[in-house]
> 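Questions regarding the structure given below will be posed in turn.
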Amino acid sequence: MSAEPIAARTAAAPRRPRAVSLERAAVAALTVLWVVGVLLPILSLIVISVLQGRGLSFIWTVSFQPYADIFVDYRVETVLRTLRIVAVVTAIEFVLAFPFALWLAKGLREGWTKSILLVFLVVPFFLSPAARTIVWRPILGREGLINTALMSSGITDAPVDWLLFSEFAIHIGLIGPYFPSMVWPIFISVSLIDDELIKASRDLGATAAQTLRHVVLPLAMPGIAAGVIFTAIPMLGDNIASTLLGGGQVSLIAEGFDDLIRAMNFPAAAALGSTLLGVFILTAVLIGLALRRRGGGPDIFAGMKQ
């Protein structure tokens with residue numbers, strides 16, 4: 001055995017502990033950032049929700065009065081209305097986004113068309129949320145494009161009032177801004193599916209619907225889950241659509257937060273946030289149990305590793 005390989009291995013050996021130490025330092029730094037940036041604010045929210053407020057300060061005695069303040073009729077109705085609108089819009093986004101993402105990832109060849117469509121999916125992130133929402137007012141208003149077309153064609157004799165300043169308008173206003181948030185994760189997940197798996201499914205005699213159900217959907221589940229999260233959670237805090245298209249007649253949770261903060265009722269605002277956090281955790285647990293019964297659960301992201 002020559003001395004040169006032995007010398008090379010001896011020179012390389014001291015680098016391993018250094019690499020391990022750097023990796024541990026990076027993990028420790030990320031853990032500290034996660035604790036400070038994510039965990040501590042959540043814990044602070046829960047602590048504030050069981051305190052009594054006095055102006056800008058707090059009385060350090062445990063009280064569940066903040067929760068009693070939010071569980072009044074109109075705030076419970078606001079929470080339920082918001083959850084209903086978010087669930088409906090998220091479902092609509094998925095129905096629209098999944099076929100589009102599937103076509104964009106597997107049905108469209110690489111080229112200028114695909115590049116332009118991907119750019120169009122990025123542009124909305126650089127636009128003001130108000131600018132993306134306010135465009136619906138001249139379309140849905142009493143003298144807007146839709147009412148003008150309806151009356152010109154003789155379908156209606158008078159403007160349709162429920163197009164604007166209603167739940168319908170809020171649904172429409174939320175679909176556009178959050179469409180890219182649903183498309184991108186599904187597109188990335190579907191793009192990672194090996195084309196050979198789809199071809200093998202076809203060669204084995206599976207129809208397009210069977211391939212979609214048994215091959216594409218399970219492997220795209222990580223992107224679907226991410227798309228639902230990236231769409232539903234930011235939508236819960238959206239107050240642009242309800243302000244510009246609701247016209248003060250349809251209030252959502254975000255407006256309830258603003259009202260409580262303006263009234264300097266910070267414990268009630270924290271209690272409202274803690275209640276939503278509990279809803280998120282309960283929903284995640286129920287989804288996890290449902291996936292585990294169907295053989296999913298911890299293996300939901302296994303398709304990404306293949």
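Numbering of residues begins at 1 and proceeds along the displayed sequence. This structure is a prediction, so every number in the text was calculated from the model and none was measured.
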> Ring-plane angle category for Phe168 and Trp162, please: parallel below 30°, perpendicular beyond 60°, tilted otherwise.
perpendicular
> Under 3.5 Å, is there a donor-acceptor pair linking the side chains of Thr275 and Tyr67?
no
> Given 3.5 Å as the limit, does a donor-acceptor pair link the side chain of Arg137 with the main chain of Leu245, or not?
no
> As a quick check of understanding, evaluate side-chain hydrogen bond (donor to acceptor under 3.5 Å, both in side chains) for Thr231 and Glu93, giving each step before the final call.
CA-CA 8 Å; Thr231 301; Glu93 297 280 21; over 6 Å; no
> Between Lys106 and Ile193, which heavy-atom pair has the shortest distance, and what is it?
NZ-O, 2.6 Å
> Does a sphere of radius 6.0 Å around CG in Asp157 hold more than 12 heavy atoms from other residues, nucleotides or ligands, not counting ones at 6.0 Å or beyond?
no
> Can you tell me if Thr156 uses its side chain to pair, donor with acceptor, with the backbone of Pro159 under 3.5 Å?
no
> Taking atom NZ of Lys199 as the centre, does the number of heavy atoms from other residues, nucleotides or ligands within less than 6.0 Å exceed 12?
no
> Report the residues that fulfil ring pair (Phe, Tyr, Trp, His ring centres under 6.0 Å) with Trp184, sequence neighbours left out, ordered by chain and then residue number.
Phe187
> Could you report the tightest heavy-atom contact between Leu219 and Leu197, atom names first, then the distance?
CD1-CD1, 3.7 Å
> Would the number of heavy atoms belonging to other residues, nucleotides or ligands and lying under 6.0 Å from CZ of Arg84 be above 12?
yes
> When you measure from the side chain of Ser242 to the backbone N and O of Asn239, does any donor-acceptor pair fall under 3.5 Å?
yes
> Under 3.5 Å, is there a donor-acceptor pair between the side chain of His214 and the main chain of Gln210?
no
> Counting only N and O atoms by type, is there a donor-acceptor contact under 3.5 Å from the side chain of Asn147 to the main-chain atoms of Val160?
yes
